[in-house]
There are 2 protein chains.
Amino acid sequence: MLTDQRHQLIRDRLAAEGSVLAGELASHFGVSEDTVRRDLRELAKAGLCRRVYGGAVASAPFATVPVGQRASHAAEEKTRLARATVALLARGQTLFIDSGTTNAAIARAIPRDLDLTVATNSLEIASVLSDHALIELIVLGGRFDRHLGACVGADTLAAVAQLGADLFILGSCGLDVSRGVTAFVSAEAEVKRAMARNSAGIVIAVTSDKLATAAPYRVAGAETIRHLVVEKTAPPAILADFERQGAEIHLA
Amino acid sequence: MLTDQRHQLIRDRLAAEGSVLAGELASHFGVSEDTVRRDLRELAKAGLCRRVYGGAVASAPFATVPVGQRASHAAEEKTRLARATVALLARGQTLFIDSGTTNAAIARAIPRDLDLTVATNSLEIASVLSDHALIELIVLGGRFDRHLGACVGADTLAAVAQLGADLFILGSCGLDVSRGVTAFVSAEAEVKRAMARNSAGIVIAVTSDKLATAAPYRVAGAETIRHLVVEKTAPPAILADFERQGAEIHLA
DNA sequence: GCATGTTTTGCACGTTCATGCAAGAAGCCG
DNA sequence: CGGCTTCTTGCATGAACGTGCAAAACATGC
């Protein structure tokens, strides 16, 4: 059994039942409790669950996320990226915005006096934009995935198919010149692909840790990226590669 | 049973019933009363309840109520209605819940250990239920109406049409025996009608001020109501009329 | 092919934590 | 006041915890 597989199964269990017991997982996987504790510690560190005595509970999504290890330490960078990304938007445009913490930061950075049409499958982003009076908000419904904090599945794909956007603000899990934009979950990748297909341009804002990494599911090729927003500290060599593929680089 | 889970369930119980008894909780969870007292002490310290002799009571019901200008003055009544409505639910059921402050209160009163499938077009209700691990949540997307805080329109209708529910928790704008259930906005009424059509039973929880009033758009006849949850102070004559139409009356 | 480094896992250690029990203090009711 | 319940505090116990370490599995480089 691969460590990563075990992690995934624990995440599934958390999503399905809301909580897990260390001892129960240990006997279920046939490993020691120490190993399970290590797993839980790592998942908690990644913000995927909350560690409690005896096991772990699913971390509440955005509602009560003053915690969130990775949300806080990278919050400042994400805010900077968000501001730079919002600067690319023009009034009257139609956008797709999918889920992800960076995209949530972008939604939060959208000024209230910018009139846009926004279609999103992320509940958090929809909530953020719900009181922007000038934004025409389209919620892309479907089965809600707690991992992603967004809707996925056939209903979501059907909703996306009926729309077209000027820009797609794509929350990327991994970004590599040769492998392009990639995602961790199949259902997530499907929605991203549909949004990409129905958009005139793709905008990606990523923190440096996502650069030159790849996740299993392919979403779009590097040549489809129109705007790439990255931190100032990003390796110039990598950025040059993307630039050769036609992307416009924006440093935040 | 994880300590954290117990705390969570006590909080749900507090939200649903308004008060808890130490001894009752102890036998319910199978722990000593000392443990329960410790739990209650911690919850009280965190400001999540107020400790009283023999148990604890929910601290200000406003604590968890976020927005909504008129939500405050009738909050307590709505919470009572919500508790009584949740008591009608059974595990494994599929529900439609549409928008409205009363329905939002009902969603908040749903305990975390109740597994349900819930389809809603209200963004607030979706957010509330998004961290209930046992609830299969289906977001009914479409054009977001800021006035309603929910999605309406053709896309929403199409999403509803694909589903069927055991119960429809209908947020009523006006309720009158002869005119039935009515709504203020055409688009809202359309969604309610679609949900009513695809549900085996209709549940309505209303404050007294909605009784014997009517809004322009007709949603469903009085004879289609299966459960009617009202305040104790509701005029018996009106309730008798609904009872004659086949509704089961629940006083909160 | 062998040595080296890395990762994963299990075990032993001392520590922390949740729980229940006992004893005394405090609150409630007649 | 007296009898009762409920509460708090201190303490003991066992379970869960983190850490350091070593063995094993695996990859990497010469």
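A note on names: the letters A, B, ... follow the listed sequences, proteins ahead of strands, and every chain is numbered from 1.
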DNA chain D: first to last nucleotide in contact with chain A (atom under 4.0 angstrom from a heavy atom), 5' to 3', is D:dA15 to D:dT19
Computed from five pairs at either end and rounded to 10 degrees, the angle between the axes of the helix from C:dG1-D:dC30 to C:dG30-D:dC1 is 30°
Can you name the salt bridge (charged side-chain N to carboxylate O under 4.0 Å, His left out) partners of [X], sequence neighbours left out?
{"X": "B:E248", "result": "none"}
{"X": "B:D4", "result": "A:R50"}
{"X": "A:R244", "result": "A:D241"}
{"X": "B:R37", "result": "B:E33"}

Sorted by chain and number, sequence neighbours left out, ring-ring contact (aromatic ring centres under 6.0 Å, His included) with B:H250 holds for B:H227
The ring-ring contact (aromatic ring centres under 6.0 Å, His included) partners of B:H7 (sequence neighbours excluded) come to none
Identify, with sequence neighbours excluded, every residue that meets side chain to side chain contact (heavy atoms under 4.5 Å, CB included) alongside [X].
{"X": "B:L2", "answer": "A:S19, A:L21, A:V52, A:V57, B:Q5"}
{"X": "B:L134", "answer": "B:D115"}
{"X": "B:S27", "answer": "none"}

Margin query: Just by distance, no angles: are the side chains of A:D98 and A:N121 close enough, under 3.5 Å, to form a donor-acceptor pair?
Written below: no
The contact string for nucleotides 9-19 of chain C, one letter per nucleotide 5' to 3', using protein heavy atoms under 4.0 Å with B, S and - for base, sugar-phosphate only and none, comes out as BBBB----BSB
Worksheet item: Base, sugar-phosphate, or nothing: which does A:V36 touch, judged by heavy atoms less than 4.0 Å apart?
Response: nothing
Taken to the nearest whole Å, CZ/B:R51 to P/C:dA26 is 17 Å
